[in-house]
Protein chains: 2
Amino acid sequence: MKTTPSHATEDYLKAIYTLSIDGDSASTNDLAERLNIAPASVTGMLQRLASASLPLVDYRKRQGATLTPAGKKAALRVIRRHRLLETYLHEFLGFAWDEVHEEACRMEHVISDAFEERIDALLGHPTYDPHGDPIPDLNLLMPQEASTRLSALRPPQKATIERVDADDKELLRYLEEKSLVPGSKLETRAYSPFDGNLTFKVNGQVMILGPAVTRHIYIQEN
Amino acid sequence: MKTTPSHATEDYLKAIYTLSIDGDSASTNDLAERLNIAPASVTGMLQRLASASLPLVDYRKRQGATLTPAGKKAALRVIRRHRLLETYLHEFLGFAWDEVHEEACRMEHVISDAFEERIDALLGHPTYDPHGDPIPDLNLLMPQEASTRLSALRPPQKATIERVDADDKELLRYLEEKSLVPGSKLETRAYSPFDGNLTFKVNGQVMILGPAVTRHIYIQEN
DNA sequence: ACACTGATTTAGTGTATCCTAAATAAGGTT
DNA sequence: AACCTTATTTAGGATACACTAAATCAGTGT
Ligand SMILES: [Mn+2]
Ligand SMILES: [Mn+2]
Ligand SMILES: [Mn+2]
Ligand SMILES: [Mn+2]
């Protein structure tokens, strides 16, 4: 009886997953914004998803949505495909790291298990995508995500960039140009209060950046 | 205002293209069978396609459908993507030639121009897909297709296999195992009337095969 | 208790595709 | 000319998603 979730459903699942990762449920409005869909439409979709024979979503009126175990599994499957695809597009097809998301977001709904396995093998079973987001393994076990933002770092702490969380392509290109990519090591030099500007050295370069930028960079202290 | 054709539309266009390649129009029933959709649904879809603001399909009641110039262009774009994908899946991802069709038929609707260009370049701008079907070039110019069937060959003619036309995966595997693939050279030895069995040598092997098989193999005499 | 605000849901629609059952048209047959 | 048979269209529905406008709810401050 198990029908494959539709493209739309899979995108909802991914969104609910990331928005409810902190424990509480994903709100209608947040989902609407994330998915670029009117809030009213989201309500309708959540109701439909929650009342399916084998519900993927747990929805309580005005409380938002969370994933059922089956929904979480389905979400992780899509996220795995998405991140593997991003990595593949980047490593094997020469897509820039600001270009991979859209392509992956379309392809993730149509590739077969065989395709997924092939690129996974070709890539050597990667653990992170180009943005540093962890890739769930075959058993859908999701590695821990870095959760400390560069904006929270204070001199004289040192850290390694683990992941970058940005949809904005301009921002992604900007960060890449400044070597603010996963793996780069940095040393903080100064912090200015009120504007939150952080002075730090990366790759031999010293730069001063505000929280509008540093907020999107997640690091591992070292 | 040009909206991208939907997945369904693209599949209709492909089907109409191949069914009307001989000059006359694609009938409702043939389309229904090809697309695995009820005839009544096909009628509805054709009516919709034909009455769009910029119609891709020319439809006359009870006469079947043909493509408008815009429709033909759109069809060729999809066919190009399909065949490039098949070739890519086969050459770079190790898919067998009986596995590539389904995957390509899903992916063809979602890949970007950039993706198409990348795999085209990586493959060295191939002219034929794994089944020997010609790949339209960037200007959507479709090379001539081989149109003589092996079943029409008579001893002592010699020929080279150009393309194989089969949906059946079993048949495809069978043909591959017998080296009946594009590029193979063969020499006819005998023909038996009534059952149409053809005796010929391929790859050092002599075999006798009936028209149920040889009908699907297209050759170039030499 | 009561009004204000922002979040969310309801109501009412629209589009794209598909389906089944019931006409109907076209062509050849008797 | 009336009759089959087969191809095709019409009628009537269903499902999945999305939208706008109009409620309604919840939390806050008064
Ligand atoms: Mn997606
Ligand atoms: Mn990513
Ligand atoms: Mn297709
Ligand atoms: Mn092919």
Side-chain angles (χ1 to χ4, degrees), chain A residues 1-16 19-20 22 24-66 71 74 78 105-106 108-110, chain B residues 1-16 19-20 22 24-66 71 74 78 105-106 108-110:
Chain A
M1 282 308 90
K2 53 184 62 169
T3 316
T4 309
S6 68
H7 299 193
T9 297
E10 290 190 333
D11 282 339
Y12 272 87
L13 295 179
K14 274 202 311 179
I16 295 170
L19 288 175
S20 64
D22 44 27
D24 42 46
S25 53
S27 78
T28 302
N29 262 16
D30 287 355
L31 282 169
E33 175 165 0
R34 177 74 57 110
L35 295 165
N36 247 292
I37 284 172
S41 309
V42 172
T43 298
M45 184 65 154
L46 291 180
Q47 290 170 340
R48 211 144 11 85
L49 288 175
S51 62
S53 53
L54 199 165
L56 301 173
V57 166
D58 204 326
Y59 166 68
R60 265 168 305 167
K61 226 186 225 187
R62 285 176 161 99
Q63 302 296 302
T66 54
V78 190
C105 195
R106 274 177 280 112
E108 67 195 358
H109 312 293
V110 306
Chain B
M1 280 310 90
K2 55 184 58 172
T3 317
T4 310
S6 69
H7 300 193
T9 297
E10 290 190 332
D11 281 339
Y12 272 87
L13 295 179
K14 273 202 311 178
I16 295 170
L19 288 175
S20 63
D22 45 27
D24 40 46
S25 54
S27 78
T28 302
N29 262 14
D30 287 354
L31 282 169
E33 176 166 359
R34 177 74 58 111
L35 295 166
N36 248 292
I37 285 171
S41 308
V42 172
T43 299
M45 184 65 154
L46 291 180
Q47 289 170 341
R48 212 147 7 88
L49 288 175
S51 62
S53 53
L54 199 165
L56 300 173
V57 166
D58 204 326
Y59 165 67
R60 265 168 305 167
K61 227 185 222 184
R62 285 175 161 101
Q63 301 296 302
T66 56
V78 190
C105 196
R106 274 178 281 111
E108 67 195 358
H109 311 293
V110 306

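Worth saying up front: this structure is predicted, and the values here are computed from it rather than measured. Order of the sequence lines fixes the chain letters, A, B, ..., with proteins taken first and strands second; residue numbering starts at 1 for each chain.
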S.K.: Quick check for you: among C:dT9, D:dT8, C:dA21, whose closest atom lies nearest to any side-chain atom of B:A40?
M.R.: C:dA21
S.K.: Taking A:S20 for the side chain and A:T66 for the main chain, is one N or O donor matched with an acceptor at less than 3.5 Å?
M.R.: no
S.K.: Which nucleotide in the list D:dT9, C:dT17, C:dT10 gets nearest to the side chain of B:R48?
M.R.: C:dT17
S.K.: How many angstroms lie between OG1 in B:T28 and CD in B:Q63, if you round to the nearest 0.5 Å?
M.R.: 10.0 Å
S.K.: Does OP1 or OP2 of D:dA16 have a side-chain N or O of A:T9 closer than 4.0 Å?
M.R.: no
S.K.: Side-chain N or O of B:K61 versus OP1/OP2 of D:dT10: is the shortest distance under 4.0 Å?
M.R.: yes
S.K.: Could you tell me which non-hydrogen atom of B:A32 sits nearest to which non-hydrogen atom of B:V42, and how far apart they are?
M.R.: CA-CG2, 3.6 Å
S.K.: Could you check how far CD of B:E33 sits from P of D:dT8, rounded to whole Å?
M.R.: 12 Å
S.K.: Which of the following nucleotides, D:dT10, C:dC19, C:dT8, is nearest to the side chain of B:Q47?
M.R.: D:dT10
S.K.: A:N36 has an atom CG; how far is it from atom C1' of D:dC19, in whole Å?
M.R.: 14 Å
S.K.: Can you tell me the distance, in whole Å, between the CZ atom of B:R60 and the P atom of C:dA25?
M.R.: 19 Å
S.K.: Any side-chain N or O of A:T43 less than 4.0 Å from the OP1 or OP2 oxygen of C:dT9?
M.R.: yes
S.K.: Return no unless some side-chain N or O of B:S27 is found under 4.0 Å from OP1 or OP2 of D:dA7.
M.R.: no
S.K.: Between C:dC19, C:dT9, D:dT8, which nucleotide gets closest to the side-chain atoms of A:R62?
M.R.: C:dT9
S.K.: Rounded off to whole Å, could you give me the CD-to-P distance for the A:E10 and D:dA16 pair?
M.R.: 15 Å
S.K.: Mind calculating the distance between NE2 (A:H7) and C1' (C:dA16) to the nearest angstrom?
M.R.: 15 Å
S.K.: A:L46 CG to D:dC17 P: how many Å, rounded?
M.R.: 12 Å
S.K.: Could you state the CD1-P distance from B:I37 to C:dT17, rounded to the nearest angstrom?
M.R.: 10 Å
S.K.: Can you name the closest pair of heavy atoms from B:E10 and B:E108 and give their distance?
M.R.: OE1-O, 4.2 Å
S.K.: Is the shortest side-chain N/O distance from B:Y12 to OP1 or OP2 of C:dC18 below 4.0 Å?
M.R.: yes
S.K.: On DNA chain D, check which nucleotide each of B:Q63 and A:A38 is closest to and give me the residue with the more 5' one.
M.R.: B:Q63
S.K.: Starting from P on C:dT15, measure out to CG on B:L49 and report it in whole angstrom.
M.R.: 16 Å
S.K.: Any side-chain N or O of B:T28 under 4.0 Å from OP1/OP2 of D:dT9?
M.R.: yes
S.K.: Quick one: is C:dA16 close enough that its OP1 or OP2 comes under 4.0 Å of any side-chain N or O from B:S6?
M.R.: no
S.K.: So which atom in B:I16 and which in B:A65 form the shortest heavy-atom distance, rounded to 0.1 Å?
M.R.: CG2-O, 3.9 Å
